[in-house]
> 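Shown below is the structure under consideration.
For the numbers below, each heavy atom of this structure counts, side chains included, while hydrogens, waters and symmetry mates do not. Chain A is the first sequence line, chain B the second, and so forth, proteins listed ahead of strands; every chain is numbered from 1.
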Protein chains: 2
Amino acid sequence: MKLSSIEEFFSHAHQLYLPAVSIDNVIFGFHENQLKVLLLQLVNKSVWALPGGFVGKSEHIDEAAARILKERTGLNDIFLQQFYTFGQPERSNNKILVKALQMLNQEFDKDHWVLQRFVTVGYYALVEYANVNPHPDEVSLACAWHDLDKLPELLMDHAEIIKKALDEMRLKLSVQPIGYNLLPKEFTMKNLQSIYETILGRKLDRANFNRKMLSSGILDRKEKHYSGGAHKAPYLYSFNRKKYFKALSSGLGRGF
Amino acid sequence: MKLSSIEEFFSHAHQLYLPAVSIDNVIFGFHENQLKVLLLQLVNKSVWALPGGFVGKSEHIDEAAARILKERTGLNDIFLQQFYTFGQPERSNNKILVKALQMLNQEFDKDHWVLQRFVTVGYYALVEYANVNPHPDEVSLACAWHDLDKLPELLMDHAEIIKKALDEMRLKLSVQPIGYNLLPKEFTMKNLQSIYETILGRKLDRANFNRKMLSSGILDRKEKHYSGGAHKAPYLYSFNRKKYFKALSSGLGRGF
DNA sequence: CTATTATTGTGTCATACTGACTCAATAACT
DNA sequence: AGTTATTGAGTCAGTATGACACAATAATAG
């Protein structure tokens, strides 16, 4: 059943979705060497929220997260990582949410299904900024990237969820390779280093970064060189798909 | 409200607990250098299950996990680590569970609240074997420790949950200290090494283990020596509470 | 066409950590 | 008093890491 209107969602949600369980996706993207996060603007205007959703009654929570990611960004086959589940009792049914829902539906019931307490499962994803065409869902005003250090006011505990996602991603960075969804097919070592520096929030030594990445074996060096910039032309690299995904599961070296 | 009977539980559970969300605790304990896991025997006899439970409508999921741990083991103030959330759609309402519930309650309804689909949040704990006095709850026949390599038939996806808990615990071992709940106040380096070897499932070099643990700074060496065994008397150590818990949050070295 | 300049690829070196091994000290037992 | 197994400490080669050096080079300026 396709929900084509807000009214239909409000009247049928309890039949289609699991109660008490929700998903929140923290979708990171890059732009101008800054880490961005995708947020939706509530109808109250001043408050933003993570792109989240509910779990179909016969749907795997991982599938629900992927579906929600696709609904918001149009992206498929992205590595979505479950990172934590948030279960404070007071995290739902707050004033801002109630206000937003009332603005969407005049006949909104204060005991409505969506205002019950939800435990939310957090997932994060890293996507290539250029590949994403953010479009808001039916219940939001806008969908836009925000700098991590200039976040707007956020709904409920969403600031905490973003912080935890970032912490977990930094931890995983030492074990898992990163960048597959963030870079074009061919890229320079400097591009890759920028991503690591942005995620980690600190500068890395260029020479040591080179050595480490090359020894990990997940990169293939091309014969071509990058041209266009001034100064010496760097090599171009691509990810070795096979080794990259092997490293995703079995782990890399000891990290940074 | 205290549920004093099975009938009360079946008739009031839906009023007291969140729907669709459950907790499963993987409680590891030591005995004779073997890692054990605490399991409950269903009334069907041949099948065992993790000590799990439900989340009170106004209860934090972490509190629910701690309450369930206490109900099963009598233990307080144990470091409980959330490690993963399991959300396959087919994980609930299986034949074995239905049978068990029917045996407990003749008038059991096939559409009962407890047979809805549940997403379960996994926690693990490490406890001192001797401190635990396992006692089964009202709906189980027995509560007992099982060797990890000789597990009985398990309910639903509980085997997968245990495997994931062990994997995550091994990963965390390189970042977090371990053993606080597993050893008496004073212990020998060999005691501690046994724990690491048991959890990791492989032997470690004695001299190198010594060096690493001492350099981490979380141990205080006592003047006393252990006496009782044959041969040279080893030093006794205790955990430095302050440094231990600091290391729990900020991390140790690079691990094993 | 040549010099300048910033960037890149590679090399070096001191330091720290790891795994494997050695060896003297020692406490209980014979 | 000698035997024996275990402990605490030390050595050493191999490896990874952080900091730095330097020549090669592609675009630009003159």
Side-chain angles (χ1 to χ4, degrees), chain A residues 33 170-171 173-177 179 183 186-197 199-238 247 250-256, chain B residues 33 170-171 173-177 179 183 186-197 199-238 247 250-256:
Chain A
N33 280 352
R170 283 178 177 162
L171 262 181
L173 199 58
S174 61
V175 192
Q176 290 182 343
L183 289 167
E186 299 189 333
F187 49 87
T188 67
M189 194 63 85
K190 194 181 182 69
N191 296 149
L192 188 60
Q193 185 178 344
S194 291
I195 292 179
Y196 276 78
E197 289 179 339
I199 295 175
L200 291 172
R202 61 186 166 92
K203 290 286 170 194
L204 299 172
D205 182 272
R206 184 177 56 87
N208 298 333
F209 182 82
N210 256 15
R211 183 175 40 177
K212 186 155 180 65
M213 290 309 300
L214 291 179
S215 73
S216 77
I218 61 169
L219 295 182
D220 291 334
R221 176 182 285 184
K222 304 293 172 184
E223 284 309 314
K224 285 188 290 180
H225 287 237
Y226 174 80
S227 63
H231 317 304
K232 181 172 178 178
Y235 283 107
L236 286 172
Y237 296 88
S238 67
S250 67
L252 278 172
R254 298 300 184 85
F256 298 92
Chain B
N33 279 350
R170 283 178 176 162
L171 262 181
L173 200 58
S174 61
V175 192
Q176 289 181 343
L183 290 167
E186 299 188 332
F187 51 87
T188 67
M189 193 62 84
K190 195 182 182 68
N191 296 147
L192 188 59
Q193 186 178 344
S194 291
I195 292 179
Y196 276 79
E197 289 179 340
I199 295 175
L200 291 171
R202 62 187 166 91
K203 290 285 169 195
L204 299 172
D205 182 90
R206 183 178 55 86
N208 298 334
F209 182 82
N210 256 19
R211 182 177 42 180
K212 187 159 179 64
M213 290 309 301
L214 291 179
S215 73
S216 78
I218 60 170
L219 296 181
D220 290 334
R221 176 182 283 182
K222 305 292 172 184
E223 284 309 313
K224 286 187 290 180
H225 287 235
Y226 174 79
S227 63
H231 319 303
K232 180 173 178 177
Y235 284 107
L236 286 172
Y237 296 88
S238 67
S250 67
L252 279 173
R254 299 299 184 85
F256 298 92

> Starting at CD of B:Gln176, measure out to CD1 of B:Ile218 and round the result to the nearest 0.5 Å.
11.0 Å
> For nucleotides 28-30 of chain D, tabulate all protein N/O to nucleotide N/O atom pairs closer than 3.5 Å, reporting atom names and distance.
none

> Give the rounded distance in Å between these two atoms: NE2 of A:His225 and C1' of D:dA24.
12 Å
> If I take atom CG from residue A:Leu236 and atom CG from residue A:Leu219, how far apart are they, to the nearest 0.5 angstrom?
12.0 Å
> Does a donor on one side chain and an acceptor on the other come within less than 3.5 Å for B:Thr188 and B:Asn191?
yes
> What distance separates A:Leu200 CG from A:Arg170 CZ, expressed to the nearest 0.5 Å?
6.5 Å
> State which of C:dC23, D:dC20, C:dG9 makes the closest approach to the side chain of A:Asn210.
C:dG9
> Which nucleotide in the set C:dT10, D:dT7, C:dA6 lies at the smallest distance from any side-chain heavy atom of B:Lys190?
D:dT7
> So, is B:Lys212 close to the C:dC17 phosphate, meaning a side-chain N or O under 4.0 Å from OP1 or OP2?
no
> Choosing from C:dA20, D:dA5, D:dC20, which nucleotide comes nearest the side chain of A:Asp205?
D:dC20
> Give the nucleotide from the list D:dT6, D:dG8, D:dC12 with an atom nearest to the side chain of B:Arg211.
D:dC12
> Please report the shortest heavy-atom distance between B:Lys203 and B:Glu197, naming the atom on each side.
NZ-OE1, 3.5 Å
> If you check every side-chain atom of B:Ala207, which of D:dG8, C:dC21, C:dT8 has the closest atom?
C:dC21
> Within the 4.5 Å heavy-atom criterion, are B:Tyr196 and B:Met213 side-chain neighbours or not?
yes
> Could you say whether A:Arg206 or B:Met189 is positioned toward the 5' end of DNA chain D, judged by the nucleotide with the nearest heavy atom to each?
B:Met189
> Starting from the first five and the last five pairs of the helix from C:dC1-D:dG30 to C:dT30-D:dA1, work out the angle between the resulting helix axes, to 10 degrees.
10°
> Any N or O donor-acceptor pair under 3.5 Å from the base of C:dT7 to the side chain of A:Lys232?
no
> Is B:Asn208 side chain donor-acceptor paired with the C:dG19 base, going by distance under 3.5 Å alone?
yes
> side-chain contact (heavy atoms from CB on, under 4.5 Å) for A:Leu214 and A:Met189? Distances and angles first, verdict last.
CA-CA 10 Å; A:Leu214 291 179; A:Met189 194 63 85; 3.8 Å; yes
> Which residues pass the side chain to side chain contact (heavy atoms under 4.5 Å, CB included) test with B:Tyr235, sequence neighbours left out?
B:Arg221, B:His225, B:Tyr237
> Can you confirm whether B:Lys212 sits close enough to B:Leu204 that some side-chain heavy atom of one is under 4.5 Å from a side-chain heavy atom of the other?
no
